[in-house]
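Okay, structure first, notes after.
Model, not experiment: these values are computed from the prediction. Throughout, numbering of the chain's residues begins at 1 and tracks the sequence. Note that ligands are numbered from 1 as they come in the structure, with each ligand's atoms numbered from 1 the same way.
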Amino acid sequence: MRHMLDITDWSIEEINGLMDTADDIIAHPEDYAHAMERKKLATLFYEPSTRTRLSFEAAMIELGGHVLGFSEASSSSASKGESVSDTVRTVGCYADIIAMRHPKEGAPTVAAQVSPVPIINAGDGGHNHPTQTLADLLTIRREKGRLNRLVVGMCGDLQFGRTVHSLMNAMSRYPEISFVLISPEELRIPGYLRENMRKMDVPFMEVEKLEDVIGSLDILYMTRVQRERFFNEADYVRLKDSYILDPEKMALASAELTVLHPLPRVNEISHSVDKDPRACYFKQVLYGKYMREALILKLLEAKA
Ligand code: NCD
């Protein structure tokens, strides 16, 4: 049975296929309105979420299906000590597919080992977030018309930002991609990711100042500092406003720049940037719903 645990488990051809389906759903939503009739999606969210959970639910509803689930661990039997494995075996008796977010890295992989239905990783700790990457890729493809030949800037909390890790792993498989990694020293990408980039011969540079490099970027992917993954609040307070994208910095960037952010934003993009045509983070929100529709269709078609 197929799952979506890590973006690298899916080939570039398969991911391109999901984007083609999403484009087709956008063009002809009526063709998909009954595709998942009588099917149920369960959303098991052990961590807070707005976009990911609600876009999964909206996606399933737009496909004619139904949704059930919980949005906090405290309202599930996890609060009584039930394991993820037992919860998933249980929910697998009620639902056809499960989207799960969990603070522990690898929890969706553990779930997939016992689950009778496909598991989608909707974010596992500071590790991965493959369906956010699907949203990011579709946004880039629709804005730029391509996923190759791009200079991609990643800015903010590159250590704990799971969306950054999944997006780098996905994009490094397209030709002629290079990364400009912009972060404070303490929030640089994890060592394993640096090794992956070296092994795959993907060019990257690591810098601290956004102003120095913004002019060279095709894509700027902003992220918030991940407060919930810090060991102490003082470090968070010191680092949280390391980067604030404002109109002055946007003036240094190319007219063709695409600005992305997985959201939620805290202070890292000034609200005055929102009306700049290069700001695409709310389009990214919308495209996330279509990519989740495409993914649900693909996983349930593969299971049938
Ligand atoms: C991200 C996440 O949960 O990792 N949000 C999202 O799903 N769009 C980013 C974040 O929380 O900073």
Side-chain angles (χ1 to χ4, degrees), residues 4-7 22 41 43-59 69-73 98-108 119-140 152-171 181-184 187 189-190 193 219-230 235-236 239-245 258-269 274 279-293 295-296:
M4 173 55 87
L5 301 172
D6 186 317
I7 198 75
L41 163 78
T43 49
L44 311 186
F45 277 59
Y46 296 81
E47 262 196 348
S49 170
T50 298
R51 276 149 291 269
T52 305
R53 184 173 63 84
L54 296 180
S55 67
F56 265 116
E57 297 188 356
F70 54 81
S71 56
E72 46 191 322
I98 294 174
M100 172 193 278
R101 169 171 288 188
H102 201 283
K104 279 220 181 89
E105 310 196 343
I119 298 285
I120 300 172
N121 177 2
D124 62 327
H127 186 218
N128 274 325
H129 192 346
T131 66
Q132 179 62 46
T133 297
L134 297 178
D136 304 341
L137 293 175
L138 183 66
T139 312
I140 296 171
V152 184
M154 302 284 208
C155 180
D157 186 346
L158 309 188
Q159 184 184 6
F160 298 116
R162 55 194 175 194
T163 66
V164 168
H165 307 157
S166 291
L167 184 58
M168 286 183 69
N169 278 330
M171 288 210 78
L181 305 173
I182 309 144
S183 73
L187 298 179
I189 53 165
L193 209 55
I219 308 285
L220 173 58
Y221 194 90
M222 296 296 295
T223 61
R224 92 185 150 91
V225 175
Q226 305 278 300
R227 179 182 206 160
E228 64 275 39
R229 318 234 182 266
F230 273 68
D235 283 345
Y236 169 73
L239 292 166
K240 73 182 170 66
D241 291 330
S242 299
Y243 302 100
I244 299 180
L245 184 65
T258 297
V259 180
L260 302 179
H261 190 309
L263 303 179
R265 100 176 109 184
V266 185
N267 287 326
E268 57 283 351
I269 302 183
D274 296 359
C280 294
Y281 27 91
F282 285 103
K283 285 188 192 168
Q284 201 180 344
V285 170
L286 181 63
Y287 293 152
K289 182 186 67 175
Y290 294 116
M291 283 306 272
R292 291 180 174 109
E293 287 187 42
L295 179 63
I296 292 168

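With sequence neighbours left out, E72 forms a side chain to side chain donor-acceptor pair (under 3.5 Å) with S74.
A 4.5 Å side-chain heavy-atom check between I140 and Y287 finds every atom pair outside the cut-off.
For the pair Q284 (side chain) and A135 (backbone), a donor-acceptor distance under 3.5 Å is absent.
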Which protein N or O atoms sit under 3.5 Å from any N or O of ligand 1? Give atom names and distances.
{"unit_1": "ligand 1", "atom_1": "3 (O)", "unit_2": "R101", "atom_2": "NH1", "d": "3.4"}
{"unit_1": "ligand 1", "atom_1": "3 (O)", "unit_2": "R101", "atom_2": "NH2", "d": "3.2"}
{"unit_1": "ligand 1", "atom_1": "3 (O)", "unit_2": "R162", "atom_2": "NH2", "d": "2.9"}
{"unit_1": "ligand 1", "atom_1": "4 (O)", "unit_2": "R162", "atom_2": "NE", "d": "2.7"}
{"unit_1": "ligand 1", "atom_1": "5 (N)", "unit_2": "L263", "atom_2": "O", "d": "2.9"}
{"unit_1": "ligand 1", "atom_1": "7 (O)", "unit_2": "T52", "atom_2": "OG1", "d": "2.9"}
{"unit_1": "ligand 1", "atom_1": "7 (O)", "unit_2": "R101", "atom_2": "NH2", "d": "3.0"}
{"unit_1": "ligand 1", "atom_1": "7 (O)", "unit_2": "H129", "atom_2": "NE2", "d": "2.7"}
{"unit_1": "ligand 1", "atom_1": "8 (N)", "unit_2": "Q132", "atom_2": "OE1", "d": "3.0"}
{"unit_1": "ligand 1", "atom_1": "8 (N)", "unit_2": "P262", "atom_2": "O", "d": "2.9"}
{"unit_1": "ligand 1", "atom_1": "8 (N)", "unit_2": "L263", "atom_2": "O", "d": "3.1"}
{"unit_1": "ligand 1", "atom_1": "11 (O)", "unit_2": "R224", "atom_2": "NE", "d": "3.4"}
{"unit_1": "ligand 1", "atom_1": "11 (O)", "unit_2": "R224", "atom_2": "NH2", "d": "2.9"}
{"unit_1": "ligand 1", "atom_1": "12 (O)", "unit_2": "R224", "atom_2": "NE", "d": "2.7"}
{"unit_1": "ligand 1", "atom_1": "12 (O)", "unit_2": "R224", "atom_2": "NH2", "d": "3.4"}
{"unit_1": "ligand 1", "atom_1": "12 (O)", "unit_2": "Q226", "atom_2": "NE2", "d": "2.8"}

Run the side-chain hydrogen bond (donor to acceptor under 3.5 Å, both in side chains) check on R224 and H261 step by step: do they pass? CA-CA 9 Å; R224 92 185 150 91; H261 190 309; over 6 Å; no
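Ring geometry for H102 against Y46 counts as tilted: the plane angle lies between 30° and 60°, on a 0 to 90° scale.
Salt-bridge annotation for E228 and R162: absent, with no side-chain N of the basic residue lying under 4.0 Å from a carboxylate O of the acidic one.
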